[in-house]
Amino acid sequence: MPTSMSKLLSQLSRADLERLLETKSEVESLESRRDELQAELDKVEKKLAKLAGAALGNGRRKTAKKKAAKKKATKKKATKKKATKKKATKKKATKKKATKKKAAK
């Protein structure tokens with residue numbers, strides 16, 4: 001049972017078939033060229049990104065230094081808060097002991 005495609009092909013002249021084959025060959029050639037150009041473009045873009053990253057590298061280091069300094073400051077504040085809480089707790093405990101001693105006398 002012939003398919004619709006085979007019917008269509010059987011109705012085409014030899015010249016039509018030759019044109020189809022030429023077109024197919026040209027399309028394949030153009031697709032291959034496009035793939036090559038895309039690969040070359042990818043390489044160029046990668047180089048550009050690398051160069052841009054190198055040019056901005058100093059800014060990135062500064063940002064990293066700022067982040068590190070900020071992190072250190074935050075850590076220092078947290079440590080200070082803990083120390084302050086400990087001191088407050090010690091003061092309360094000392095006051096309670098002093099109050100108990102006075103009450104015991």
Side-chain angles (χ1 to χ4, degrees):
M1 180 176 213
T3 63
S4 58
M5 183 60 84
S6 57
K7 277 186 184 179
L8 179 65
L9 289 176
S10 66
Q11 293 173 354
L12 292 174
S13 68
R14 181 179 175 162
D16 292 335
L17 291 171
E18 286 175 352
R19 271 195 309 259
L20 283 173
L21 286 173
E22 277 183 42
T23 303
K24 181 183 177 196
S25 175
E26 188 176 355
V27 166
E28 288 173 347
S29 173
L30 289 171
E31 286 176 340
S32 174
R33 179 73 177 133
R34 180 190 62 199
D35 292 342
E36 290 171 4
L37 290 172
Q38 186 62 49
E40 187 177 343
L41 179 62
D42 290 344
K43 287 179 184 177
V44 169
E45 287 179 345
K46 190 175 181 180
K47 283 182 183 179
L48 282 171
K50 187 176 181 180
L51 289 172
L56 297 175
N58 291 336
R60 287 187 183 163
R61 284 189 210 129
K62 286 180 184 175
T63 303
K65 285 180 182 178
K66 283 181 183 178
K67 283 183 181 179
K70 193 173 186 179
K71 191 175 183 180
K72 190 175 181 180
T74 306
K75 199 173 187 179
K76 197 173 187 178
K77 282 182 184 178
T79 305
K80 234 180 192 179
K81 282 183 181 179
K82 284 182 183 178
T84 306
K85 285 182 182 178
K86 284 182 181 178
K87 285 180 183 177
T89 307
K90 282 183 181 180
K91 283 183 181 179
K92 283 182 182 178
T94 307
K95 282 183 181 179
K96 281 185 181 179
K97 285 181 182 178
T99 309
K100 284 183 182 179
K101 285 182 180 178
K102 284 182 182 179
K105 286 184 181 181

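Sequence positions, counted from 1, serve as the residue numbers for this chain. Keep in mind that this is a model prediction, so the values were computed, not measured.
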Pairs of donor and acceptor atoms involving the side chains of residues 8-24, under 3.5 Å and at least two apart or interchain, shall be tabulated with distances.
from, atom 1, to, atom 2, distance (Å)
Ser10, OG, Ser6, O, 3.3
Ser10, OG, Lys7, O, 2.7
Ser13, OG, Asp16, N, 3.2
Ser13, OG, Asp16, OD2, 3.2
Arg14, NE, Glu18, OE2, 3.2
Asp16, OD1, Arg19, NH2, 2.1
Asp16, OD2, Ser13, N, 3.4
Thr23, OG1, Arg19, O, 2.8

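In this structure, Leu41 and Gln38 have side chains that are in contact, with non-hydrogen atoms separated by less than 4.5 Å. At least one side-chain heavy atom of Glu45 sits less than 4.5 Å from a side-chain heavy atom of Asp42.
Counting heavy atoms of neighbouring residues, nucleotides and ligands inside a 6.0 Å radius, atom CD of Glu40 does not exceed 12 of them. Within a 6.0 Å sphere centred on CD of Glu26, heavy atoms belonging to other residues, nucleotides or ligands number 12 at most.
Note: Leu30 CG to Glu28 CD = 10.5 Å, rounded to the nearest 0.5 Å.
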